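What follows is a short report on a single structure.
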Amino acid sequence: MISVREALDVVVREVSPLGAERVGIVAAGGRALAEEVRSGRDVPGTANSAMDGYAVRHADLTDLPARLRVVGIAAAGAVGGRVNAGEALKIMTGAPIPAGADTVVRVEDTRADGDLVEIGVAPAAGANVRGAGEDVRSGDAILSRGRRVGPAEVGLLASIGRAFVLVVQRPRVAILSTGNELVEADDTVSPGQVVNSNAYTLAAAVAEAGALPVILPIARDSLAETRAAFREAARHDAILSTGGVSVGDFDYVKAAMDEVGVRRLFWKVAQKPGKPLTFGMLEGRPYFGLPGNPVSSLVCFELYARPALRKMAGFEAIHLPTAAVTLGEDVKKAPGLTEFIRCRIERRDGRLVATSTGSQSSGVLRSMSQGHALVIGAAEVSRLRAGSGARAILLDPQAGATEPPF
Ligand code: AMP
Ligand code: MG
């Protein structure tokens with residue numbers, strides 16, 4: 001049985017980013033860049049005014065108050081104009097600085113007097129002038145490969161004249177549920193049957209991770225059917241199966257993976273929940289044999305499949321964020337296994353306090369829905385004490401952000 005860190009390292013090491021595709025920059029939002037972006041131009045292209053005011057020569061402001069002759073007016077978008085000694089040009093925010101001028105005096109610090117302007121206070125030389133290339137210089141590498149494209153990046157791309165950009169393809173992820181007992185969400189449930197909630201949970205999780213879920217038909221518990229389902233699943237970029245990885249008499253997932261040629265890298269991780277997790281590779285595709293219990297399959301997805309899919313989708317930042325938390329209560333845990341305790345997190349007196357969401361049974365999916373953090377209980381300890389510090393994985397960094405930040 002390998003440790004959680006070994007398992008994560010194996011998974012991340014084995015997968016690689018997919019190929020690139022060219023998309024419009026708005027569609028690139030939320031995706032990872034497949035190219036380093038360099039600018040072919042200065043932004044702004046010309047020096048311009050940061051204020052409404054008067055463009056002047058700073059040398060004319062040595063004797064105050066200065067009285068300068070207003071020789072024109074420049075609106076945003078205008079070009080041209082010239083300011084000679086003793087002159088000023090009325091200028092609007094964003095308008096190019098006219099030749100000869102080097103400083104803008106805010107309109108609030110001036111008094112118009114016919115075709116003159118009187119300036120009582122001199123700003124520093126160069127004040128209120130946004131230099132050409134102040135934001136981006138021609139030739140600058142402004143965005144690196146692997147960067148997530150957010151709103152600011154979309155705007156930067158637009159400002160350097162890029163309407164299209166190369167992003168990494170989104171992995172198409174097969175979701176394969178195994179189990180004789182499973183029925184779909186809108187089926188009637190006979191005694192002994194269970195709704196295939198995992199397929200829906202995982203499809204949502206895959207989409208949230210930036211990949212494309214494809215739900216396959218349920219595979220019944222026979223070697224032939226499970227193997228056929230894995231053959232079908234192989235047409236996707238990544239494969240997530242659920243169930244059938246334990247040591248039950250009808251658990252065929254490992255055998256089916258072996259038969260289709262999956263190179264098994266591990267089976268069983270020293271963790272709770274999700275100990276029977278199986279992982280292998282075939283022709284560059286990761287195969288995750290997730291456990292069947294709803295909490296186990298989702299926790300294993302978040303811990304291992306999510307970073308793998310993020311790496312395949314080209315992201316440099318592939319891991320979930322964590323936070324330092326204080327435990328709000330004693331928590332018993334399984335010694336020898338790293339435990340991921342489902343917790344809710346509240347802010348109390350400036351600290352983040354984690355409290356368990358109750359039953360930690362791997363069948364209780366509400367334990368995941370009532371809290372959106374996993375407190376990490378180290379393998380070697382058997383109890384986490386109230387008041388002690390721990391690290392928590394934030395599955396939803398916005399959960400609990402009900403208070404305004406300022
Ligand atoms: P297994 O790993 O196949 O032995 O399944 C473990 C437990 O998870 C059993 O109680 C199953 O009924 C349940 N389970 C397996 N697959 C699913 C699924 N797709 N959706 C919901 N529960 C499942
Ligand atoms: Mg099963």
Side-chain angles (χ1 to χ4, degrees), residues 1 7 173-209 211 213-230 232-233 236 238-260 262 264 266-280 287-306 334 337 339-340 342 357 359-370 395:
M1 200 156 55
V173 183
I175 298 171
L176 170 58
S177 314
T178 71
N180 285 339
E181 73 281 30
L182 302 179
V183 296
E184 294 302 352
D186 50 0
D187 288 338
T188 48
V189 183
S190 305
Q193 293 185 319
V194 170
V195 173
N196 176 16
S197 63
N198 288 350
Y200 304 90
T201 306
L202 291 172
V206 164
E208 203 179 67
V214 180
I215 297 181
L216 300 185
I218 295 166
R220 301 299 159 192
D221 291 320
S222 78
L223 182 56
E225 198 165 322
T226 310
R227 187 177 51 216
F230 271 105
E232 174 64 23
H236 302 81
I239 293 88
L240 306 176
S241 70
T242 72
V245 284
S246 299
V247 290
D249 289 358
F250 304 99
D251 289 342
Y252 292 112
V253 162
K254 293 195 302 303
M257 278 197 200
D258 289 347
E259 288 195 11
V260 301
V262 175
R264 193 190 298 167
F266 60 79
W267 171 49
K268 284 192 178 169
V269 182
Q271 66 179 8
K272 191 180 168 195
K275 191 163 77 174
L277 173 66
T278 306
F279 176 72
Y287 281 69
F288 291 90
L290 305 172
N293 276 305
V295 175
S296 311
S297 68
L298 181 53
V299 169
C300 287
F301 176 88
E302 300 285 10
L303 298 179
Y304 306 103
R306 189 179 199 281
L337 301 178
E339 196 160 331
F340 297 96
R342 280 78 79 199
T357 54
S359 168
Q360 297 288 305
S361 157
S362 55
V364 177
L365 191 53
R366 287 193 72 200
S367 69
M368 291 291 285
S369 147
Q370 290 176 336
L395 299 176

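What you see is a predicted model, and the numbers here were worked out from it, not measured in a lab. Atoms considered below: every heavy atom in the structure, side chains included; atoms not considered: hydrogens, waters and symmetry mates. We count ligands from 1, going down the list as the structure has it; atoms in each ligand are counted the same way.
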Open item on the list: Let me confirm one number: the CG-OG distance from Leu182 to Ser197, rounded to the nearest 0.5 Å.
Closed with: 8.5 Å
Open item on the list: With a 3.5 Å distance limit and no angle check, can you tell me whether Asp221 reaches the backbone of Tyr252 through a side-chain donor-acceptor pair?
Closed with: no
TODO: Starting at CE of Met257, measure out to CZ of Arg264 and round the result to the nearest 0.5 Å.
DONE: 8.5 Å
Open item on the list: What protein heavy atom lies closest to atom 11 (C) of ligand 1? Include the residue and the distance to one decimal.
Closed with: Glu181 OE2, 3.0 Å
Task: Region of Val195 that comes within reach of ligand 1 [heavy atoms, distance under 4.0 Å] - done: backbone
TODO: For Thr242, counting its heavy atoms only, list the atoms of ligand 1 lying under 4.0 Å from any of them.
DONE: 19 (N)
Task: Of the listed options Pro291, Ser177, Ser197, Gly292, closest to atom 14 (N) of ligand 1 (non-hydrogen atoms) - done: Gly292
Task: Nearest non-hydrogen protein atom, atom 3 (O) of ligand 1 - done: Gly244 N, 2.9 Å
- [ ] List for me each residue that meets side chain to side chain donor-acceptor pair (under 3.5 Å) alongside Ser190, sequence neighbours excluded, and say none if there are none.
- [x] Gln193
TODO: Starting from atom 17 (C) of ligand 1, find the nearest protein heavy-atom neighbour and note its residue, name and distance.
DONE: Asn198 ND2, 3.2 Å
Open item on the list: Starting from atom 19 (N) of ligand 1, what is the nearest protein heavy atom, named by residue and atom, and what distance separates them?
Closed with: Asn196 OD1, 2.8 Å
Open item on the list: Which residue and atom name correspond to the protein heavy atom nearest atom 4 (O) of ligand 1, and how close is it?
Closed with: Asp251 OD1, 4.1 Å
Task: Any donor-acceptor N/O pair, Tyr304 side chain to Phe279 backbone, under 3.5 Å - done: no
Open item on the list: Using side chain to side chain contact (heavy atoms under 4.5 Å, CB included), reason through Arg342 and Gln370 one step at a time and then give a plain yes or no.
Closed with: CA-CA 8 Å; Arg342 280 78 79 199; Gln370 290 176 336; over 6 Å; no
Open item on the list: Check for me whether Gly179 has a heavy atom closer than 4.0 Å to any atom of ligand 1.
Closed with: no
Task: Ser361 (side chain) donor-acceptor with Gly363 (main chain) under 3.5 angstrom - done: yes
Task: Protein heavy atom at shortest distance from atom 7 (C) of ligand 1 - done: Asn293 OD1, 3.4 Å
